[in-house]
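Excluded from the calculations below are hydrogen atoms, water molecules and symmetry mates; all remaining heavy atoms, backbone and side chain alike, are included.
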Amino acid sequence: MEQTYKKEPFALYEKKFKALADQKRLEILHLICRRQTVCVGDLSEMIDMPQSKLSYHLKILLDAELILKETKGTWSYYSFNKKEMNQLLSEELCGLFTSRCSEEK
């Protein structure tokens, strides 16, 4: 008899891992992490990408809650969401697989 499970955690993690599954977004995350807080104009220059294209990638990272956005006047500042990134590597995620997978052969 197959045990029923909730699909919500899988959908949540899928969105986050899809956001991470892009080399440019990983580079953007790395730059934001190193700078702690960075405005979109500076980030655009650092990564040598037009703001319109950068905004597309930032939206994906924001929707996945991997970065945070703060607006000051007309400028948007982005920061690394440490709590969310730490959760991706948490025991909670690993626990979705280890207990069941270790029992099966």
Side-chain angles (χ1 to χ4, degrees):
M1 178 181 215
E2 189 174 318
Q3 184 182 19
T4 59
Y5 60 91
K6 294 181 181 181
K7 294 183 180 181
E8 294 90 16
F10 297 115
L12 176 72
Y13 286 115
E14 178 184 28
K15 188 174 194 175
K16 294 177 188 312
F17 283 111
K18 279 185 177 181
L20 291 171
D22 181 272
Q23 186 174 350
K24 280 294 182 190
R25 287 193 288 272
L26 288 171
E27 188 178 345
I28 292 165
L29 273 174
H30 177 73
L31 289 170
I32 292 172
C33 181
R34 284 184 44 212
R35 297 285 298 256
Q36 295 181 356
T37 300
V38 63
C39 75
V40 71
D42 291 343
L43 190 56
S44 179
E45 288 178 17
M46 285 188 282
I47 201 163
D48 193 30
M49 180 184 289
Q51 282 191 12
S52 59
K53 198 169 188 179
L54 177 59
S55 293
Y56 166 79
H57 289 292
L58 290 171
K59 174 146 178 36
I60 291 170
L61 293 169
L62 276 169
D63 289 346
E65 300 177 346
L66 301 175
I67 60 174
L68 304 169
K69 178 182 174 181
E70 183 180 355
T71 304
K72 295 180 184 177
T74 59
W75 292 99
S76 295
Y77 293 85
Y78 296 90
S79 60
F80 192 72
N81 189 344
K82 292 177 187 175
K83 180 181 175 188
E84 201 61 40
M85 290 300 287
N86 286 338
Q87 188 172 344
L88 280 178
L89 305 174
S90 70
E91 290 182 31
E92 178 184 339
L93 174 61
C94 297
L96 290 174
F97 300 101
T98 56
S99 62
R100 291 294 302 157
C101 291
S102 62
E103 295 172 10
E104 296 176 12
K105 293 185 181 185

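By the criterion of side-chain heavy atoms lying less than 4.5 angstrom apart, applied directly or through intervening Ile, Leu, Val, Met, Phe, Trp or Tyr residues, Y13 is grouped together with L66 in one hydrophobic cluster. Transitive grouping of hydrophobic side chains (ILVMFWY, heavy atoms separated by less than 4.5 Å) brings V40 and L26 into a common cluster. Neither L68 nor L29 shares a network with the other; the hydrophobic side chains, linked directly or stepwise wherever heavy atoms of I, L, V, M, F, W or Y lie under 4.5 Å apart, form separate groups for each.
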* For L20 and R25, what are the C-alpha separation, side-chain angles and deciding distance, and is it a side-chain contact (heavy atoms from CB on, under 4.5 Å)? -> CA-CA 6 Å; L20 291 171; R25 287 193 288 272; over 6 Å; no

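Each of L61, T37, L62 was scored for a side chain to side chain contact (heavy atoms under 4.5 Å, CB included) with Y78, with one residue passing: L62. Exactly one residue among K16, E14, K15 makes a side chain to side chain contact (heavy atoms under 4.5 Å, CB included) with L12. That residue is K16.
Residues S76 and K69 come closest through the heavy atom pair OG-CE, 3.3 Å. The shortest non-hydrogen separation linking K24 to I47 is O-CD1, 4.1 Å. Residues S44 and P50 come closest through the heavy atom pair OG-C, 3.9 Å. In this structure, I32 and F80 approach most closely via the heavy-atom pair CG2-N, 3.4 Å.
The shortest distance between side-chain heavy atoms of L43 and L58 falls below 4.5 Å.
One distance of note links NE2 of H57 with CD1 of I67; it measures 11.5 Å at 0.5 Å rounding. The structure places CE of M46 at 9.0 Å from CG of L54, a figure rounded to the nearest 0.5 Å.
Distance alone, capped at 3.5 Å, is enough to place a donor-acceptor pair between the S55 side chain and the Q51 backbone.
Judged as a side-chain contact (heavy atoms from CB on, under 4.5 Å), and not counting sequence neighbours, the contacts of C39 are D42, W75, Y77.
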